[in-house]
Colleague: 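Below: one structure in structure tokens.
Order of appearance sets the numbers: ligands from 1, and atoms from 1 within every ligand. Treat the numbers as computed from the prediction; the structure is a model and nothing was measured.
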Amino acid sequence: MTTEIKESYLQSIFAERIGGARFGKDTAIYKFEKIKRAKRAAMAANPAVELIDMGVGEPDEMAYPNVVSSLAAEAALPENRGYADNGVQEFKDAAARYMERMFGVKGLDPVTQINHAIGAKPALAMMPLAFINPGDILAQTVPGYPVCATHTKYLGGEALNLPLLEKNGFLPDLASIPEEKRARLKMLYINYPNNPTGAQATTAFYEKVVRFAMDNKVVVIQDAAYAGLVNSGKPMSFLAVDGATEVGVEIHSLSKSHNMTGWRLAFVAGSSLAVNAFAAVKDNCDSGQFIAIQKAGVAALDDLTIPQRINEKYGRRLKLLVEALNSAGFSARVPAGTFYLYMKAPRGVEGGPTFSTAEDFSQWMIREKLISCVPWDDAGAFVRFSVTFSAKGVEDEKRVMGEIGRRLGSAKFIF
Ligand SMILES: Cc1ncc(COP(=O)(O)O)c(C=O)c1O
């Protein structure tokens, strides 16, 4: 078997949205590939040193045993074997209960206002199919998760970036959207708690979003992939704000808050019109998640101790990480939500290198300190540390954090 890609006329007929005839010929190396290569080189050069990987954005542990045993039982039942189409009612009912018990969102109709999805990512990919015509605009926060914007562009729409700045609490400035763009603006994508900044929204911000959406006839897509993971205040939902269920949807995922990343289970909740349009599109894209997984999802959503226990672990690790970074001269803070710590990248090291971008700093961290984090240069130079690194219990977590403090402590950073 050869792994080489053979030349053929297929190269000349690729769609423009993926680069047309140039598809696959791009020689630029992208951020995550650069990180991968730097990690490989650092490990080869320092085989005896542990590489501390704080770059991975997914849970380090399995789903909880009650959820796994529910899947085992449901997978054995013949009635769960077939196409799930737009989902089983039991999962939608559990999602409505979860929204009320976890976020205080009362009165969602589990028949018309909730639909399952095979993860938040495909739901975000499908939403533009329901709203975007060529020339329409989606506004998205940056840095961020670009899937909704990518598909908007695939459909001939445009993406408008709203920078997340520290001075605004990493909330977008909706007033900055120019008047001339508003006529074509159809969708607003936001994500709180936010990846990568770790910021949480406020009720006042969500109220502003609802007013903005109504005034400008825009649908709001609030990506709540990290909604269960908060370090200050209570978990909150956009749908708890008056008018939210008229202007948009919130997308919840079991990937992060329930350690069910590979299971692929999420739900879209909110406006019945938007949910119905999403369901119509989805019905033409997939045939639903395995029913046994949806039923195990019921067990997961009904057990509120799962997100609580997961959250406790990340909160503990985030505190340790802040102590380790601050002992090395940084001014890191525990984020309001998510398992990410986002902090300004230094400009250099006294008597050492200078960093013109966050990417320069992260490459140096991997090469010289064998600590991997993800750089973001979209709105200032920042790096993101994820506390989903592998550790075998609390003592091991402390050991890893102590090691970070020691490795960085010898450098005097310039900010
Ligand atoms: C902001 C955000 N939204 C959505 C997702 C995807 O979630 P899912 O696993 O449900 O597809 C991620 C995953 O990293 C994410 O960070």
Colleague: Heavy-atom distances under 4.0 Å are what count here, so tell me which part of Arg264 touches ligand 1: side chain, backbone, both or neither.
Modeller: side chain
Colleague: So, 4.0 Å and heavy atoms of Glu58: is ligand 1 close enough to count as a contact?
Modeller: no
Colleague: Heavy atom of Asp223 under 4.0 Å from ligand 1?
Modeller: yes
Colleague: Below the 3.5 angstrom mark, is there an N/O of Asn195, backbone or side chain, next to an N/O of ligand 1?
Modeller: yes
Colleague: Can you name the salt bridge (charged side-chain N to carboxylate O under 4.0 Å, His left out) partners of Arg333, sequence neighbours left out?
Modeller: Glu166
Colleague: Give the atoms of ligand 1, by number and element, whose distance to some non-hydrogen atom of Gly119 is under 4.0 Å.
Modeller: 10 (O), 11 (O)
Colleague: For atom 7 (O) of ligand 1, what's the nearest protein heavy atom and its distance?
Modeller: Ala120 CB, 3.7 Å
Colleague: Is Ala225 touching ligand 1 with its side chain, its backbone, both, or neither, if touching means heavy atoms under 4.0 Å apart?
Modeller: side chain
Colleague: Salt-bridged, Arg316 to Glu397, with N to O below 4.0 Å?
Modeller: yes
Colleague: Considering both backbone and side-chain atoms of Tyr145, is one of its nitrogen or oxygen atoms within less than 3.5 Å of a nitrogen or oxygen in ligand 1?
Modeller: no
Colleague: Taking distance alone, with N or O pairs closer than 3.5 Å, would you say Ser253 contacts ligand 1?
Modeller: yes
Colleague: Under 4.0 Å from a heavy atom of Lys121: which atoms of ligand 1 are those, numbered in the order shown and with their elements?
Modeller: 8 (P), 11 (O)
Colleague: Between the side chains of Lys92 and Asp109, is the shortest nitrogen-to-carboxylate-oxygen separation below 4.0 Å, so that they form an ion pair?
Modeller: no
Colleague: Which residue owns the protein heavy atom closest to atom 9 (O) of ligand 1, what's the atom, and how far is it?
Modeller: Ser255 OG, 2.6 Å
Colleague: Within the supplied structure, the quantity of interest is the number of heavy atoms (other residues, nucleotides, ligands) at a distance under 6.0 Å from Lys319 NZ; does it exceed 12?
Modeller: no
Colleague: Determine yes or no for a side-chain-to-main-chain donor-acceptor pair under 3.5 angstrom, with Ser271 supplying the side chain and Glu246 the backbone.
Modeller: no
Colleague: Salt-bridge test for Asp93 and Arg97: reply yes if a basic N is under 4.0 Å from a carboxylate O, no otherwise.
Modeller: no
Colleague: For the residue pair Arg384 and Tyr340, would you count it as a cation-pi contact if the rule is NZ or CZ under 6.0 angstrom from the ring centre and within 45 degrees of the ring axis?
Modeller: yes
Colleague: Side chain or backbone, does Lys256 bring an N or O within less than 3.5 Å of an N or O on ligand 1?
Modeller: yes
Colleague: Going by the atom numbers of ligand 1, which of them fall below 4.0 Å from some non-hydrogen atom of Asn191?
Modeller: 1 (C)
Colleague: Check for me whether Arg317 meets the cation-pi criterion with Phe389, that is, NZ or CZ under 6.0 Å from the six-membered ring centre and within 45 degrees of the ring axis.
Modeller: yes
Colleague: In terms of heavy-atom contacts, does NZ of Lys398 have more than 12 from other residues, nucleotides or ligands at under 6.0 Å?
Modeller: no
